[in-house]
Amino acid sequence: MSTTGTPVVPGVGAGPVVRPGARAEAPADEVFVDSDATVAAFTAAAATVAERLTARAGHASGAASEVLQATAAMAADRGLATFVGKHADATGPATATTRAVADLAAMFTAAGGLMAERVTDLHDVRDRVVAELLGVPEPGVPEPEQPSVLFADDLAPADTAGLDPDRIVAIAIRLGGTTSHTAIIARQLGIPCVVGIADLPLDLDADAGATALVDGTTGEVVLDPDPSDVETRRAADLERRTAGAAWTGPGSTADGHGVQVLANVQDGPGARRAAEQPIEGFGLYRTELSFLDRGTEPTVEEQTAIYREVFAAVQPGQKVVVRTLDAGSDKPLQFADMGDEPNPALGVRGLRIAESRPELLDHQLDAVALAATDSEAEVWVMAPMVSVTPEAVALAERIHARGLRAGVMIETPSAALLADRILEHVDFVSIGTNDLSQYTFAADRMSSALAHLTDPWQPALLMLIEQVAAAGLRAGKPVGVCGEAAADPMLACVLVGLGVTSLSCAATAVRAVGAQVGAVTFDQCRAAAHAALLADTPDAARTAARDALA
């Protein structure tokens, strides 16, 4: 028996099926002492959970560290303690926690959008706090003794961030999409992953002898696979991995058409690890991730020191594309809080914050310019959430005034449609496919129910990318892609065929992307792009591109 979903991390993994452990439940006969004791017990347990998650975040990097920090912050949030207090009159701490989270989850769900996405995190915090209160192990993914395949309805980001790739060799998820936290972290860890498997059987486990094969390249999940099929797929995957390991750059097609292969980074340690790969620089430096835990704006001097550390990681002459603060929406910063909004994803985020807080952008640009003066890196700067030409003009003036190359992220359909006009004023553009897909399809990129719409293989999204790339060609200026789409080796070939000049992805995906692009000609890339554009569905686009590249 086999089933299919959306492939998000290429590779093959096979072994016994394991599932997340059952969560602890508040006992029906929980002892009630008094309200103060209930709140105090919750507060102590929540603090322990937050400390534990923060410690794990300190040993992680990239998206894994980010989601662990965010979950820790939710556990320590005073708002949750306030809701627990409302249920503390006649219940013990585990029951009060469960009821408080139920109230908050209902509010988050009713709010929709990014608030609704946080319900999974909220339930994860509940389960961890209740387990701490009851003195039992925290729920989560088991640590099997042999390499195993993880089946789950969904995974809390904190659980995904803690996976050991030597023990969990593949992931199959009923929910989720290509830009979900599970997919992003699995990509960072290099674990083959398939998401959005509607008919994934979740009643199987290793105790019953169940085994499975997950093919993160094709999206197939095979139950009780034939050993010969496993070996055939593993051999093909090994060939792909071997080619990737042997790839040393620079990026180009087999017939010499150049395309830069870059890495996405967020801090100094991560930048140094990424620089160990055969990259040509950093195509996306997510500056805001260094400030998620800051209650006040860091000084220009503090920011300068942070940026210098990242710039120092690249080789002399390599570029670093700095993205200015992408605060708001799913990345709230305390010192850049815009208050409650009906729909934060469509609200004041990214560059829009500079309208009311221009000093935040000016201070950051000053710090970037200072860090660039004593660096041998080629520093480019771009801003997120640019929607109209006047925004691009004003931004470019501020960046150029500091002697830096100016660019914008293409994340809104309006910016894609205006690419020709925007490129008259900036030096480059970079397409953020994650946000561009959610705004193009009016579909929250973190929504499991809408994952089929935000799939980066959607032909409509590819059409917008083609339009932006054509504008770049007419202007003679670079057009990059720095969204998760650039980490898909086959889609990377399509992007090259569409006219994209650079690909920036997770450092773990660099070699696979570079090797795949280097194994085909530019004409094959263009043929694959043309075939994908003619398709009506993401799956049809994948199949058509695969045939063109074969």
Side-chain angles (χ1 to χ4, degrees), residues 4-12 177-179 183 187 192-196 215-220 233 236-237 239-241 243-244 247 251-255 257-259 261 431 433-434 436-437 440-441 451-470 473 479-505 509-550:
T4 59
T6 301
V8 292
V9 184
V12 174
T178 56
T179 59
R187 186 174 292 116
C193 182
V194 178
V195 300
D215 191 327
T217 302
T218 65
E220 295 174 273
R233 292 180 190 248
D237 184 50
E239 182 178 352
R240 180 185 64 82
R241 291 177 183 270
W247 186 77
S252 74
T253 61
D255 54 345
H257 177 82
V259 55
V261 179
I431 303 171
T433 52
N434 301 352
L436 183 57
S437 65
T440 297
F441 297 100
H452 62 291
L453 290 176
T454 54
D455 189 318
W457 281 90
Q458 277 284 2
L461 178 64
L462 299 180
M463 290 177 187
L464 285 177
I465 295 173
E466 179 188 39
Q467 182 167 332
V468 176
L473 181 62
V479 173
V481 168
C482 60
E484 293 300 319
D488 180 333
M490 187 166 65
L491 184 50
C493 295
V494 170
L495 296 174
V496 172
L498 292 173
V500 168
T501 60
S502 69
L503 304 163
S504 191
C505 56
V510 161
R511 289 183 183 271
V513 168
Q516 179 62 63
V517 171
V520 296
T521 66
F522 185 46
D523 281 345
Q524 284 180 286
C525 291
R526 287 192 291 190
H530 180 70
L533 288 170
L534 292 177
D536 290 323
T537 67
D539 286 341
R542 284 187 184 89
T543 300
R546 185 180 296 115
D547 291 343
L549 295 171

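Computed from a predicted model, the values in this text were never measured in an experiment. All heavy atoms count here, side chains included; hydrogens, waters and symmetry mates do not.
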Test side chain to side chain contact (heavy atoms under 4.5 Å, CB included) on Trp247 and Val513 and set out the steps. CA-CA 9 Å; Trp247 186 77; Val513 168; over 6 Å; no
Separation between CG (Asp488) and OG1 (Thr433), nearest 0.5 Å, reads 10.5 Å
_Surrounding NE2 of His530 (heavy atoms of other residues, nucleotides or ligands, distance under 6.0 Å), is the total greater than 12?_
no
Nearest heavy-atom contact between Ala519 and Ala254 is C-CB, 4.2 Å
So CG of Leu462 and CG of Leu495: to nearest 0.5 Å the spacing works out to 7.0 Å
Val496 versus Leu503: any side-chain heavy-atom pair under 4.5 Å? yes
Separation between CE (Met490) and CG (Leu549), nearest 0.5 Å, reads 7.0 Å
Q) So, does Gln458 use its side chain to make a donor-acceptor pair with the main chain of His452 at under 3.5 Å? A) yes
Cys525 and Cys493 have their tightest heavy-atom pair at CB-O, 3.3 Å
CG (Leu498) and CG (Leu464) are apart, to the nearest 0.5 Å, by 11.0 Å
Closest non-hydrogen contact found for Pro459 with Pro538 is CD-N, 4.3 Å
Inset, instruction - For Trp457 and Thr6, run side chain to side chain contact (heavy atoms under 4.5 Å, CB included): C-alpha distance rounded to whole Å, both residues' side-chain angles, the deciding distance at 0.1 Å, then the answer. - result: CA-CA 10 Å; Trp457 281 90; Thr6 301; over 6 Å; no
Tightest non-hydrogen contact, residues Ala486 and Val481, listed as CB-O, 3.8 Å
Exercise. Salt bridge check: are Asp237 and Arg241 linked by an N-O gap of less than 4.0 Å?
Worked result: yes
Rounded to the nearest 0.5 Å, the OG1 atom of Thr253 sits from the CZ atom of Arg526 at a distance of 9.5 Å
* Pairwise side-chain contact, Thr218 with Pro7, heavy-atom cut-off 4.5 Å (strictly under) -> no
Rounding to 0.5 Å, atoms CD1 (Ile431) and OG (Ser504) come to a distance of 13.0 Å
Residues at least two apart in sequence or cross-chain that pass salt bridge (charged side-chain N to carboxylate O under 4.0 Å, His left out) with Asp547, listed by chain then number, are none
Shortest non-hydrogen pair, Ala485 vs Leu491, comes out as CB-CD2, 3.6 Å
Determine, step by step, whether Thr217 and Val12 satisfy the side chain to side chain contact (heavy atoms under 4.5 Å, CB included) criterion, reporting the C-alpha distance in whole Å, the side-chain angles of both residues, the deciding distance to 0.1 Å, and the verdict.
CA-CA 8 Å; Thr217 302; Val12 174; 5.6 Å; no
Contacts of Arg542 meeting side-chain hydrogen bond (donor to acceptor under 3.5 Å, both in side chains) (sequence neighbours excluded), chain-then-number -> Asp455, Asp539
Nearest heavy-atom approach of Phe522 to Gly497 is CE1-CA, 4.4 Å
Check: Within the side chain of Arg187, is there an N or O that forms a donor-acceptor pair under 3.5 Å with the backbone of Val8?
Finding: yes
